[in-house]
Chemist: 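Sharing a structure with you now.
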Amino acid sequence: MKKINLNDGTSIYCIKETEAIVLDEHIKGYLDFNIKLKKDDIIIDVGANIGIFGVRLSKFFNNIQIHAFEPIPQIYEVLKKNSKLSLNKKFNTYRMGLSHKKDYLNFIYYPNSPALSTAKPEIWENNKDNFISAVKGSILNAPSNIWWAKLIPRFFAPLIAKYLKANKKKVKSKVTTLSDFIEKKEIKKISLLKIDCEGHELNVLRGIKDEHWPLIKVIVMEVNDLDNNFEIVKKILLKHNFNHIQSEKEKGFEKTTLINIYAKRKK
């Protein structure tokens, strides 16, 4: 674990410096959807990773309440440090994941690229071209302070992809459902639900009971569009009256199956 400064000077703890900078750019992509938050709003962050989203929100909005979930122990320790670094006393962290039922799941932790860690490693293992395309996109659209990445020849992408997935480790972690959490914490409103959990996003949605959907005002999430997941997610959102849905692929990731979705209810 090391402490670095992001592009604007914001201090943050991380495992891999370059990955933290790229994650920050990814988070900005979520915030570009013109999400409107205010004091005392409640945020649920599923797949919080090292907590950059929570740190950014704590900086932009006063007295905001964040519930951040991260199941990988090595990543969670960094998330916990960053929650304290944010000085937001309402930045709550949980070493667990969210799914469609209460259980224990096996996760794969990638030490060379912690953000890839997932309960569904097949999304990276079974579609190598997709993963290599994502690596190429990251190289071509690297943030300005990683300018040297653009000097890496594209034909190195398969080697980089192999390195990122090397030395993987299996870890077991608890998962619960969002509805179970809502009931235990007696949550009455969720201003923003953010989901970024590397292929497990459908199960997170399936863990929400019908009576709890109206509590959620806005959803921003990343979908790995394998097995028609994008259309399945859209149907679930439309069923629960999220009638305003936008989607986009981040610059450089047009050839991948990764899609960002922004959904809210029309007034």
Side-chain angles (χ1 to χ4, degrees), residues 3-14 19-70 75-98 115 143 145 178 181-182 184-197 201 204-205 208 212-222 237 240 242 244-248 250 260-267:
K3 190 176 182 182
I4 66 166
N5 290 329
L6 298 172
N7 288 346
D8 63 349
T10 299
S11 295
I12 198 159
Y13 289 98
C14 66
E19 185 175 78
I21 294 169
V22 170
L23 280 172
D24 191 36
E25 291 297 315
H26 183 56
I27 291 305
K28 287 177 183 175
Y30 286 152
L31 297 176
D32 283 345
F33 279 119
N34 194 30
I35 296 170
K36 295 180 180 179
L37 299 172
K38 60 184 185 299
K39 180 180 177 181
D40 296 323
D41 275 351
I42 296 176
I43 315 301
I44 303 290
D45 187 356
V46 184
N49 201 271
I50 62 173
I52 292 179
F53 193 60
V55 168
R56 286 298 185 196
L57 292 182
S58 297
K59 184 176 181 180
F60 296 152
F61 305 100
N62 293 327
N63 210 37
I64 204 160
Q65 186 178 152
I66 301 168
H67 297 286
F69 296 83
E70 175 51 53
I75 303 175
Y76 174 77
E77 290 305 315
V78 187
L79 167 64
K80 190 174 180 181
K81 289 272 286 186
N82 283 326
S83 69
K84 294 177 180 178
L85 189 64
S86 74
L87 301 180
N88 179 357
K89 294 181 180 179
K90 294 184 178 181
F91 190 160
N92 307 287
T93 64
Y94 309 88
R95 209 201 89 177
M96 66 174 74
L98 293 187
N145 53 341
L178 182 53
F181 183 78
I182 287 170
K184 283 185 175 179
K185 295 293 182 178
E186 299 182 343
I187 293 174
K188 304 302 180 186
K189 183 181 77 169
I190 297 172
S191 304
L192 172 64
L193 169 60
K194 173 248 175 185
I195 306 172
D196 190 346
C197 50
E201 55 276 355
V204 175
L205 298 181
I208 305 172
H212 292 145
W213 275 98
L215 303 181
I216 305 168
K217 306 307 175 187
V218 175
I219 296 175
V220 60
M221 63 188 294
E222 180 185 82
L237 295 176
H240 293 288
F242 284 86
H244 181 80
I245 300 175
Q246 294 175 246
S247 63
E248 68 171 19
E250 291 183 32
N260 288 342
I261 293 179
Y262 168 78
K264 70 176 182 179
R265 302 176 190 280
K266 288 186 177 179
K267 293 181 179 179

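Because the structure is a prediction, the values reported are computed rather than measured.
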Chemist: Measure the CD1-CG distance between I4 and D24 for me, rounded to the nearest 0.5 Å.
Modeler: 8.5 Å
Chemist: With sequence neighbours left out, write down each residue that passes side-chain hydrogen bond (donor to acceptor under 3.5 Å, both in side chains) with E77, or none if nothing qualifies.
Modeler: none
Chemist: Any side-chain heavy-atom pair from Y262 and H244 closer than 4.5 angstrom?
Modeler: yes
Chemist: Of all heavy-atom pairs between G54 and I66, which one has the smallest distance, and what is that distance?
Modeler: O-CD1, 3.5 Å
Chemist: Taking K38's backbone N and O only, do any of them form a donor-acceptor pair with D41's side chain (distance below 3.5 Å, no angle check)?
Modeler: yes
Chemist: Is there a donor-acceptor pair under 3.5 Å between the side chain of N260 and the backbone N or O of S247?
Modeler: no
Chemist: So which atom in I52 and which in A20 form the shortest heavy-atom distance, rounded to 0.1 Å?
Modeler: CD1-O, 3.2 Å
Chemist: Please test L193 against L178 for side-chain contact (heavy atoms from CB on, under 4.5 Å), starting from the C-alpha separation and ending with a verdict.
Modeler: CA-CA 10 Å; L193 169 60; L178 182 53; 4.1 Å; yes
Chemist: When you measure from the side chain of Q65 to the backbone N and O of D40, does any donor-acceptor pair fall under 3.5 Å?
Modeler: no
Chemist: For the residue pair Y76 and T93, what are the closest heavy atoms and their distance?
Modeler: OH-OG1, 2.9 Å
Chemist: What distance separates I261 CD1 from L237 CG, expressed to the nearest 0.5 Å?
Modeler: 6.5 Å
Chemist: Looking at NE2 of H240 and CD1 of I219, how far apart are the two atoms once the value is rounded to the nearest 0.5 Å?
Modeler: 9.0 Å
Chemist: Mind checking whether I190 and I182 have side chains closer than 4.5 Å, heavy atoms only?
Modeler: yes
Chemist: Does a sphere of radius 6.0 Å around NZ in K59 hold more than 12 heavy atoms from other residues, nucleotides or ligands, not counting ones at 6.0 Å or beyond?
Modeler: yes
Chemist: How far apart are the C-alpha atoms of F242 and I216, what are their side-chain angles, what is the distance that settles it, and do they pass the side-chain contact (heavy atoms from CB on, under 4.5 Å) test?
Modeler: CA-CA 10 Å; F242 284 86; I216 305 168; 3.9 Å; yes
Chemist: Kindly write out the residues that satisfy side-chain hydrogen bond (donor to acceptor under 3.5 Å, both in side chains) with D45, not counting sequence neighbours, or none if the list is empty.
Modeler: K194
Chemist: Would you call D8-R56 a salt bridge at under 4.0 Å N-O?
Modeler: yes
Chemist: Going through the checks in order, is the side-chain contact (heavy atoms from CB on, under 4.5 Å) test met by M221 and L205?
Modeler: CA-CA 11 Å; M221 63 188 294; L205 298 181; 4.1 Å; yes
Chemist: Can you check whether R95 reaches L79 side chain to side chain, under 4.5 Å on heavy atoms?
Modeler: no
Chemist: Can you say whether the rings of Y94 and F69 are parallel (under 30°), tilted (30 to 60°) or perpendicular (over 60°)?
Modeler: parallel
Chemist: I want to check something: taking the side chain as every heavy atom from C-beta on, are N63 and K90 in contact at a cut-off of under 4.5 Å?
Modeler: yes
Chemist: For a quick test of reading the model, state the closest non-hydrogen atom pair linking F53 to L192 and the distance between them.
Modeler: CZ-CD2, 3.7 Å
Chemist: Which is it for K84 and Y13 under the side-chain contact (heavy atoms from CB on, under 4.5 Å) test, yes or no, and what are the steps along the way?
Modeler: CA-CA 11 Å; K84 294 177 180 178; Y13 289 98; over 6 Å; no
Chemist: Can you name the closest pair of heavy atoms from V55 and N82 and give their distance?
Modeler: CG2-O, 3.9 Å
Chemist: Does some side-chain heavy atom of C14 sit less than 4.5 Å from a side-chain heavy atom of E19?
Modeler: no
Chemist: Give me the atom names and distance for the closest heavy-atom approach of K188 to L215.
Modeler: O-CD2, 3.1 Å
Chemist: Nearest 0.5 Å, what's the NZ-NZ distance between K217 and K264?
Modeler: 13.0 Å
Chemist: Could you check whether any side-chain heavy atom of I44 comes within less than 4.5 Å of a side-chain heavy atom of F181, counting everything from C-beta outward?
Modeler: yes
Chemist: Quick check for you: to the nearest 0.5 Å, what is the distance between N88 atom CG and S83 atom OG?
Modeler: 9.0 Å
